[in-house]
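As structure tokens, the structure follows; a few thoughts come after it.
Reminder, nothing fancy here: chain letters follow the sequence lines and each chain counts from 1.
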Amino acid sequence: MNLSIKQLFGRKPKSSNIAKQRLKLVITQDRVDVDDRFMTRLHHELAEVLAKYFEFSANSVKMNLKQEGNSYILVADFPYTKFHDMSMRR
Amino acid sequence: MGKVIVVTSGKGGVGKTTSTANLGTALALLGKSVVLVDADVGLRNLDIVMGLESRVVYTSMDVIEKQCELNKALVRDRRVDGLMLLAASQKNNKDDMQPEQMKAICDKLRTTYDFTLVDSPAGIERGFRNASAGADEAIVVTTPDVSAIRDADRIIGLLQNVEIEPINLVINRFSPQLVGNGSMMDQADVLDILNIDLIGVVPEDSGVITSTNRGIPLVYEDGSPGAQAYMRIARRLTGQRIPIPDLEQKGLFSSIVNWFTKNR
Ligand SMILES: Nc1ncnc2c1ncn2[C@@H]1O[C@H](COP(=O)(O)OP(=O)(O)O)[C@@H](O)[C@H]1O
Ligand SMILES: [Mg+2]
């Protein structure tokens, strides 16, 4: 309510909203940094799914999180050696 | 069998000691038997905030070093039945204590007292590990600002790793005016970020400072908003279901005030 009136009149965004957005981003990063198991778990689960379609060697896989402006991007490199075309055709 | 609850935060100065003193006193006023344990070895404060500093003879370190029995080290608060304090040693530092030693003390206290509240030092290092070693549950205290909340999130992760449950959040130094004009996050914002259960919101209250000056916990001053907030939290800790009142200022008036305030 408050917010919409202010937006209508072109006021600056509330600093509490800025605080919240910044916190959400930084805490996402903190949680990933701190929890080594998180990336390992994600790696395993992604590999499991991708293995249905591609063949790749586990130690060529690279995963990390990078910040771009207001959001984080998960970058996962799974260099594959071949398709399992059976699963592609289904 | 009682409960051992660690009061912690990550960041310093957010109100852990104030909350421990007031919640402990409030629980005793509700008829519970309570012991307050200062785990801030080397930087003890709970005794002075409680107004019991002149009566401390022994500390938890004396108990650990077997200089004295646990019961004899407890200072009785004469203002209310069933409230005790176990002071921290001022001449030692956090590494002089092992988490297992603190756990042993908590395990004993749990058999006699309904509530053992452990006042944790700031930080995520040894002092925090000592304080949480014997805890069944946790109260995480935060203020509604970015640094305190970020640190609270870190502490919550560490508490979850050692399976301390439940972890309840206290939002301290909440200012309805600042929330009203958009310069402070409200409870919904904080909960959205931290994602744990809220057990209470304590407003910014100058009574905290005057009561600390006197060494008389704020909860003895019935009328003050801070005292009422702490009494409600204590009731919730005893299992009573008491809704968390909305301390925020809403409505047309605050929107108008808001419109004119430049404070953002
Ligand atoms: N609700 C409150 N309103 C006003 N001042 C407060 C409030 N809570 C804490 N304070 C003040 O903040 C300071 C830090 O509190 P303290 O309980 O010692 O924090 P911590 O133990 O987390 O370091 C003290 O000066 C205390 O009086
Ligand atoms: Mg303290």
Side-chain angles (χ1 to χ4, degrees), chain A residues 1-50 58-59 61-78, chain B residues 10-11 124-125 128 140 142-162 169 171 173-196 248-264:
Chain A
M1 198 7 216
N2 241 336
L3 186 75
S4 56
I5 290 174
K6 280 183 182 155
Q7 282 171 339
L8 211 65
F9 286 82
R11 301 281 306 234
K12 281 193 293 181
K14 295 197 270 181
S15 72
S16 60
N17 282 343
I18 298 171
K20 185 180 176 186
Q21 292 319 315
R22 292 178 56 226
L23 263 172
K24 281 196 143 179
L25 280 175
V26 77
I27 280 176
T28 308
Q29 177 69 59
D30 286 351
R31 286 180 189 166
V32 172
D33 281 350
V34 163
D35 189 355
D36 311 329
R37 287 165 305 178
F38 172 77
M39 272 298 185
T40 325
R41 199 171 64 224
L42 188 61
H43 177 174
H44 283 310
E45 286 180 20
L46 281 177
E48 226 169 86
V49 174
L50 291 173
N59 50 19
V61 175
K62 281 195 208 81
M63 277 181 42
N64 51 67
L65 209 58
K66 70 177 197 203
Q67 189 172 7
E68 225 169 78
N70 254 349
S71 55
Y72 282 89
I73 300 176
L74 175 68
V75 184
D77 288 320
F78 284 77
Chain B
K11 188 170 187 286
I124 55 172
E125 310 301 333
F128 162 73
V140 171
T142 189
T143 48
D145 62 272
V146 289
S147 350
I149 293 172
R150 184 183 192 178
D151 293 358
D153 188 73
R154 183 84 167 86
I155 279 290
I156 291 165
L158 294 173
L159 292 167
Q160 285 168 340
N161 282 348
V162 292
L169 184 71
I171 302 176
R173 308 196 76 159
F174 185 87
S175 161
Q177 285 82 359
L178 293 183
V179 169
N181 73 26
S183 38
M184 182 181 273
M185 284 176 276
D186 64 15
Q187 15 173 315
D189 292 333
V190 178
L191 291 179
D192 188 26
I193 296 161
L194 293 179
N195 201 19
I196 58 169
E248 293 161 39
Q249 285 187 340
K250 288 214 177 94
L252 187 61
F253 179 70
S254 68
S255 305
I256 294 168
V257 170
N258 217 347
W259 174 249
F260 288 103
T261 35
K262 294 256 157 19
N263 178 14
R264 53 194 58 238

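The parts of B/Met185 that come within reach of chain A are both its backbone and its side chain, each placing non-hydrogen atoms under 4.5 angstrom from that chain.
Heavy atoms from other residues, nucleotides or ligands lying under 6.0 Å from CD of B/Glu125 number 12 at most.
With rounding to the nearest 0.5 Å, the separation of CD1 in B/Ile193 from CZ in A/Arg22 is 11.0 Å. A distance of 8.0 Å separates OG of A/Ser15 from CG of B/Asn181, quoted to the nearest 0.5 Å.
Contact record, A/Ser16 with B/Ser183: CB-C, 4.1 Å, taken as the closest heavy-atom pair.
Using a 4.5 Å cut-off between non-hydrogen atoms, the part of residues 142-155 of chain B that approaches chain A consists of B/Val146, B/Ile149, B/Arg150, B/Asp153, B/Arg154.
Applying the side chain to side chain donor-acceptor pair (under 3.5 Å) test to A/Lys62 and every residue at least two apart in sequence or in another chain returns nothing.
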